[in-house]
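Down below is the structure, laid out as structure tokens.
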Amino acid sequence: MYVVTGATGNTGRIVAETLLAKGKKVRAIGRTAERLQPLVKRGAEAFVGSVTAASAVLDGFQGAEAVYLLIPPDNVAENFRAYQTKVGKAYASAIRQARIPYVVNLSSVGAHLPEGAGPISGLYHVEQLLNQLEGTNIVHLRAAFFMENFSFSLELIRNQNINGSALKGDLSIPMIATRDIAQVAAQLLLSKEFSGQSTRELLGQRDLSMQEATQIIGKAIGKEGLPYVQFPYAQAEQAMVGMGMSQDVARSLSEMDQAMNEGRVRPLEKRSAANTTPTSFEQFAQGFAAAYQRQGGTKAKGV
Ligand SMILES: NC(=O)c1ccc[n+]([C@@H]2O[C@H](COP(=O)([O-])OP(=O)(O)OC[C@H]3O[C@@H](n4cnc5c(N)ncnc54)[C@H](OP(=O)(O)O)[C@@H]3O)[C@@H](O)[C@H]2O)c1
């Protein structure tokens, strides 16, 4: 039995689908039966519960040979670090009690920074909590900036004909499609070819700047020359609160942007075949364009 957290989300859904396609038993965790239904149709067992409740997490993890872990975003958390720690502790305690031998944990590039990198520093502390587990083999996938983050700019692009954030326009960073993370996670869960505690960076197909990425998106949606604008941190925070985020989540994301701009959030590994994944930004932009044509985009940027 494989357990997948965040099973209706970007990475979890594809992890669950990949395992099911290989004929594996999957228990998919989410907060509503309704959203889990498509996975149930493919043969998954639905487990409805919140990962903030330690008892629910333990029930959900019982009998698992391996678990795919992630800390789901909570954009309205009053104290985002406390929220991450709560979920991390619930996971660690359930893994210990249910004696789960294999864990693949979604973390982030920059999770070597205990402080000063917003939600990414929270993931550092979650990694540390999980590393205290004895008898569990665990790999932390330190993924790069998600290409899917651009979907939070849909409205801005549609209404103001610009893309923008607090990130520097010419800062070249690794960007990854979430499906590529899911493929690596699923392969690791299937092969179980990892032991002890390790980290593995996933850096996408290549590094890109926000300006380059915005140009590719502009071309794909028929807005050639779409400009990228760097917003001041305070303005970006205000906009995030305006989209429905708590002050603390907005502050935390702003801290992360600053840490990226200052080069503190950066890969520790050199780019190699092992940390490079296939999906290009141009391929991602095709899917983005399809979503852009379908809807206006109302989701707020998440952490
Ligand atoms: N964005 C980036 O650039 C980036 C980079 C590196 C790492 N990361 C990390 O990636 C992780 C997010 O991964 P993802 O994008 O695959 O996730 P996601 O798409 O945001 O999905 C998370 C899923 O978790 C479920 N969920 C939310 N709150 C829950 C709760 N309290 N209890 C149980 N389930 C809950 C939701 O499903 P239901 O609504 O169905 O419950 C949601 O579909 C975060 O930890 C983030 O820090 C992000």
Side-chain angles (χ1 to χ4, degrees), residues 3-17 27-40 44 46-57 59-61 68-77 80-81 83-88 90-91 94 104-111 113 117-127 130 140-153 165 167 173-186 199-204 210 213 249 252-253 256-257 259-260 265 267 284 299-303:
V3 169
V4 177
T5 65
T8 61
N10 290 315
T11 58
R13 182 177 58 79
I14 297 175
V15 170
E17 287 175 359
R27 186 182 294 143
I29 299 186
R31 289 169 300 174
T32 68
E34 193 190 355
R35 280 198 290 273
L36 291 165
Q37 198 51 34
L39 286 173
V40 171
F47 184 92
V48 177
S50 173
V51 293
T52 53
S55 60
V57 176
D59 289 346
F61 284 15
Y68 176 66
L69 285 188
L70 59 81
I71 309 283
D74 179 358
N75 289 335
V76 295
F80 191 70
R81 178 67 60 81
Y83 160 78
Q84 287 175 300
T85 305
K86 185 176 188 184
V87 176
Y91 284 163
V104 175
N105 172 48
L106 177 56
S107 183
S108 175
V109 162
L113 297 166
I120 297 179
S121 291
L123 296 179
Y124 164 90
H125 292 286
V126 172
E127 285 191 9
L130 296 169
H140 305 288
L141 294 181
R142 290 188 176 171
F145 185 89
F146 291 180
M147 293 179 187
E148 282 75 4
N149 293 340
F150 284 87
S151 56
F152 306 119
S153 299
S165 78
L167 290 176
I173 56 170
M175 296 189 194
I176 190 164
T178 51
R179 68 173 180 223
D180 288 0
I181 303 169
Q183 293 303 344
V184 173
T199 58
R200 179 165 167 193
E201 288 186 344
L202 295 176
L203 305 181
M210 297 304 281
V249 167
S252 179
L253 284 170
M256 176 184 79
D257 287 344
M260 290 175 74
V265 168
F284 164 77
K299 250 178 105 179
K301 181 174 176 180
V303 292

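For ligands, and for the atoms within them, numbers begin at 1 and follow the listed sequence.
The aromatic rings of Phe145 and Phe150 sit perpendicular to each other, their planes meeting at more than 60°, with 30° as the lower class boundary.
Within 6.0 Å of CD in Glu34 there are 12 or fewer heavy atoms belonging to other residues, nucleotides or ligands.
Scanning both residues, Ser252 and Pro119, for their nearest heavy atoms gives OG-CD, 2.9 Å. Closest approach of Met175 to Met210, counting heavy atoms only: CE-SD, 3.9 Å. Of all non-hydrogen atoms in Pro267 and Glu201, the two that sit nearest each other are CB-OE1, 3.3 Å.
Here Ala144 has backbone heavy atoms under 4.0 Å from ligand 1, and that is the only part of it that gets that close.
Not a single donor-acceptor pair under 3.5 Å links the side chain of Glu127 to the backbone N or O of Ser107. Between the side chain of Gln84 and the backbone N or O of Ile71, no donor-acceptor pair lies under 3.5 Å. Panel note: side chain Ser108, backbone Gly110; no donor-acceptor pair is recorded below 3.5 Å.
Applying the 4.0 Å criterion to heavy atoms of Leu70 picks out, from ligand 1, the atoms 13 (O), 16 (O). Those atoms of ligand 1 with a heavy atom of Leu123 less than 4.0 angstrom away are 47 (O). The Pro72 neighbourhood of ligand 1 comprises atoms 24 (O), 26 (N), 27 (C), 28 (N), 29 (C), 35 (C), with distances under 4.0 Å to a heavy atom of that residue. Below 4.0 Å from some heavy atom of Phe145 lie the following atoms of ligand 1, by number and element: 3 (O). Counting the atoms of ligand 1 from 1 in the order shown, those under 4.0 Å from a heavy atom of Gly49 are 32 (N), 33 (C). Set against the non-hydrogen atoms of Leu106, the atoms of ligand 1 under 4.0 Å away are 10 (O), 11 (C), 13 (O). Close approach of ligand 1 to Pro73 (heavy-atom distance below 4.0 Å) involves ligand atoms 20 (O), 22 (C). Distances below 4.0 Å separate heavy atoms of Asn149 from the following atoms of ligand 1: 1 (N), 2 (C), 3 (O).
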Give the C-alpha distance, both sets of side-chain angles, the deciding distance and a yes or no for side-chain contact (heavy atoms from CB on, under 4.5 Å) between Phe61 and Arg27. CA-CA 9 Å; Phe61 284 15; Arg27 186 182 294 143; 5.8 Å; no
Verify side-chain contact (heavy atoms from CB on, under 4.5 Å) between Tyr68 and Thr11, making sure each step is shown before the conclusion. CA-CA 10 Å; Tyr68 176 66; Thr11 58; 2.8 Å; yes
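Distances shorter than 4.0 angstrom occur between a heavy atom of Ile71 and an atom of ligand 1. Residue Ala182 places no heavy atom under 4.0 Å from ligand 1.
Looking at Arg35 next to ligand 1, an N or O pair under 3.5 Å apart turns up. Close N/O approach between Thr178 and ligand 1 is not found [any backbone or side-chain N/O within under 3.5 Å]. Distances between N or O atoms of Ser107 and those of ligand 1 include no value under 3.5 Å.
Between the choices Thr8, Val51, Asn10, the shortest heavy-atom distance to atom 18 (P) of ligand 1 belongs to Asn10. The closest heavy-atom contact to atom 2 (C) of ligand 1, among the options Phe47, Tyr83, Phe146, comes from Phe146. Scanning Ala28, Ala143, Ser50, Gly30 for the heavy atom closest to atom 31 (N) of ligand 1 points to Ser50.
Here CG of Leu202 is found 8.5 Å from CG of Asp180. Values are rounded to the nearest 0.5 Å.
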